[in-house]
Every structure is written in structure tokens, then in C-alpha cells.
Amino acid sequence: MNIAFTNGHPSAQPFAAAHYPGLAGKVVLNTGGASGIGRAMAQGFARHGARLMLLDLDVDALAATRAELKAAYPELEVETIRASVTDDVAVEQACVATEARFGRIDILLNNAGISMNKPSLELTPAEWRSALDIDLSGVFYTTQAAARRMVRQGGGVILSTASMWGLLSARNRLAYCAAKAGVVSLTKSLAVEWAEHNIRVNAVCPGYTRTALVDTLITTHALDDATLLERTPLRRLGTPDEMAEVALFLASDSAAFITGHALVSDGGWAADGF
Ligand code: NAD
């Protein structure tokens, strides 16, 4: 049995990582794949024998993640590309490079994202644009470029990491909430529009998950660890591996009839009306 330990989080339980059908040999383009949730997804798809193109801004993290994957899975075909999802020309070039290397794009994982925690009265236009550019427009550029290939191929899977904040409201997170709600809306609209092309479009909506993004918010006191635990019914943060499991399921043949869905994995946060 393949046991995945959930990145050392003290209160998380080790779980038996499932094996999902239909992922072996698939070509996966994974934005934000160099760290956090995207990196855990890369590990999960590697475990399933998929072929990976990791796109990220952070070259050092890309190299480290690639080396880690190759050490764990020597047979793995994995390439990296430095690009920003905000640059539609670079995103198109990344799709061209993925096709040149692997011949196709079967699965797109939209993970690249930033947080934006600030009182709305103080949010500058530049900060608003930055969050919307990366967290929403970046998803659109990558999704459109990948889907053009998927239409030609006769199908594919698009999976975006939105957030529970795409479904709920929160103080001091206006740009992030608006961008993630946009990702949920894009997911549903495109699922309907592209169903005739056999393209499934879904979203994962994580609650607070222990990654560099959240660690930075805790360190800078934008978030309080104890308050998060108190507010979460399961009394812990999620782990990147747990989000990867959701992605593997949604991208696999086990979810063949699921499209236009935003799947929440948040330890019960959204269900608790408080
Ligand atoms: P992370 O900071 O660990 O990883 C994000 C990655 O995206 C980094 O490698 C970063 O270099 C990359 N990136 C940032 N801007 C980019 C750009 N313009 N182009 C290409 N790459 C870029 O963060 P994470 O926590 O793993 O977050 C991944 C996704 O999950 C994000 O979309 C985030 O909004 C979402 N999410 C995270 C949480 C959480 O609690 N960690 C909760 C809900 C949703």
C-alpha cells in the first residue's frame, strides 16, 4: 500500500493514497507547479505515470521540484518552463513547447496564484490588478490556450485551484475573493460551453492549506494560526497532498461524468455558518 504522509503537519493523519484510473501516460501542464499545492499535484500525477510540464515564475523552485520528482520517479518524463500566467504570449509559447515535447496536452492544472489580504479601503489599483491578473486572467489565458489543443485532440480536462473564498465572503480579501469567484464562474461557464468538445472543466476549492503562501500570511500576522484552527471544524489546516488527491480524482476517469463542479476541501469551514 502506498502511504502518503501529509507534509509533516502535526495534526494531519497519514492516508493511503488512492490510485485513480486513466491518468497513466497523460500529458499534464501544471501552472504554479513548483511549490505548495501545485508541487503536491505534480507528485501525485507523477505517481500515476503521467508526463509533466511544470510552469512557474520561480526557476529555483522549478529545478528543485524537478530534481525531487526525478529522484522519486526515475522514469518520469518531466520538463519545466519559466513563464508568467499573466503573459498570454508566454502562455501560448508554453503550450507550443508542451506539444513539441509531448505531442499533446491532456490535463491542465491551474495552480499559479497569489494572495491579496488588505482592507478594501486601502487596496490600490495596482494591487487589485495584480490579484485579478494572476488569479483570474492568468487562468483564462492558460485555459483558452490549452483548450484550443484539447478541441483539436477531441477532449481534455481543465482543473483550476480556486478557493473556498471563491464561494464565501471575507473581510479584507476583496480582490482575492473576486478573482476566485471569477474562477468558479469561468469553470461553470466553460464546462457548459466546451462539453460538446469532450472537455471537462472543474475547480478545487481548498480551505486554508499549509503552504508557503499561508506560512507567509501567518508570519506577517495577516492570518492568525490559532484563530484558523478554532474556526475550522476539523481543527487543523489542510495539506497540499490532500488537495492533490482531490485533483487526481477530478482529473481521472472516476470523475468522467463530473463537469462544472467546484469541489470544496476545507475541513468543514464553509459548512459552519458560525
Ligand atoms: P504557493 O505560493 O506555495 O505556490 C504558488 C506558485 O505559483 C508558486 O510556485 C509561485 O511561484 C507561482 N506563481 C505565482 N505567480 C505566478 C505567475 N504569475 N505565473 C506563474 N507562476 C506563478 O501557494 P499555494 O498555497 O500552493 O497556492 C496554489 C493555489 O492554491 C493558488 O491559486 C492559491 O490561491 C490556491 N489556494 C491556496 C490555499 C492555501 O491555503 N494555501 C487555499 C485556497 C486556494
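Each ligand, and each atom within it, is numbered from 1 in the order the structure gives.
- Atoms of ligand 1 found under 4.0 Å from any heavy atom of Y176, numbered from 1 in the order shown, are 33 (C), 34 (O), 35 (C), 36 (N), 43 (C), 44 (C).
- For the 3.5 Å distance criterion, the side chains of S84 and T86 qualify, holding a donor opposite an acceptor.
- In summary, the atoms of ligand 1 found under 4.0 Å from a heavy atom of G36, numbered by their order in the structure, are 3 (O), 26 (O).
- Nearest non-hydrogen protein atom to atom 8 (C) of ligand 1 is S35 OG, 3.4 Å.
- Contact between A162 and ligand 1 is present, with at least one heavy atom of the residue lying under 4.0 Å from the ligand.
- Side chains of T161 and N111: a donor on one and an acceptor on the other come within 3.5 Å.
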Quiz item: Between N202 and L263, is a side chain to side chain contact (heavy atoms under 4.5 Å, CB included) present by the stated rule, with each step listed?
Solution: CA-CA 8 Å; N202 289 298; L263 198 158; over 6 Å; no
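- In the vicinity of T161, heavy-atom distances shorter than 4.0 Å reach the ligand 1 atoms 29 (C), 30 (O), 32 (O), 35 (C).
- The closest heavy-atom contact to atom 28 (C) of ligand 1, among the options N111, L62, V183, comes from N111.
- Taking CE of M41 as the start and CG of L54 as the end, the distance is 12.5 Å to the nearest 0.5 Å.
- Side chains of T143 and N110: a donor on one and an acceptor on the other come within 3.5 Å.
- Proximity to V214 (heavy-atom distance under 4.0 Å) selects the following atoms of ligand 1: 39 (C), 40 (O), 41 (N).
- Protein heavy atom at the shortest distance from atom 24 (P) of ligand 1 is T211 OG1, 3.6 Å.
- The contact set between ligand 1 and I37, taken as ligand atoms under 4.0 Å from a residue heavy atom, comprises 26 (O), 30 (O), 37 (C).
- Remark: ligand 1 and V85 share an N or O pair separated by less than 3.5 Å (distance only, no angle test).
- Taking a cut-off of under 4.0 Å to the non-hydrogen atoms of Y208, the atoms of ligand 1 that pass are 40 (O).
- Among all non-hydrogen protein atoms, the one lying nearest atom 14 (C) of ligand 1 is G113 O, 3.8 Å.
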Quiz prompt | Stepwise salt bridge (Lys or Arg N to Asp or Glu O under 4.0 Å) test for R149 and D106 | solution = CA-CA 9 Å; R149 274 90 186 167; D106 296 301; over 6 Å; no
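- Taking OG1 of T232 as the reference point, atom CG of D272 lies at 9.0 Å (rounded to 0.5 Å).
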Exercise. Could you walk me through whether R236 and E230 pass the salt bridge (Lys or Arg N to Asp or Glu O under 4.0 Å) test, one step at a time?
Key: CA-CA 8 Å; R236 66 174 177 87; E230 173 68 20; over 6 Å; no
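- Ligand 1 has no nitrogen or oxygen under 3.5 angstrom from a nitrogen or oxygen of T86.
- Here the heavy atom of the protein found nearest to atom 22 (C) of ligand 1 is A112 CB, 3.6 Å.
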Quiz item: Stepwise, does the salt bridge (Lys or Arg N to Asp or Glu O under 4.0 Å) test hold for R152 with E99?
Solution: CA-CA 12 Å; R152 289 202 296 270; E99 267 192 320; 3.7 Å; yes
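- For ligand 1, the atoms sitting less than 4.0 Å from at least one non-hydrogen atom of K180 are 31 (C), 32 (O), 33 (C), 34 (O), numbered in the order shown with element in parentheses.
- Of the listed options S84, G207, S163, G207 places a heavy atom closest to atom 42 (C) of ligand 1.
- With hydrogens left out, the protein atom closest to atom 27 (O) of ligand 1 is L213 CD1, 4.0 Å, a heavy atom.
- Here the protein heavy atom with the shortest distance to atom 15 (N) of ligand 1 is I134 CG2, 3.9 Å.
- Atoms of ligand 1 lying under 4.0 Å from any heavy atom of A83, numbered from 1 in the order shown and given with element: 19 (N), 20 (C).
- Considering only non-hydrogen protein atoms, atom 43 (C) of ligand 1 sits nearest to P206 O, 3.4 Å.
- Heavy-atom neighbours of K118 NZ from other residues, nucleotides or ligands within 6.0 Å: above the threshold of 12.
- Looking only at protein heavy atoms, the nearest one to atom 40 (O) of ligand 1 is T209 N, 2.7 Å.
- Relative to atom 11 (O) of ligand 1, the option among D56, L57, D58, D133 with the closest non-hydrogen atom is D56.
- Counting only heavy atoms from C-beta outward, the side chains of D224 and I218 never approach each other to under 4.5 Å.
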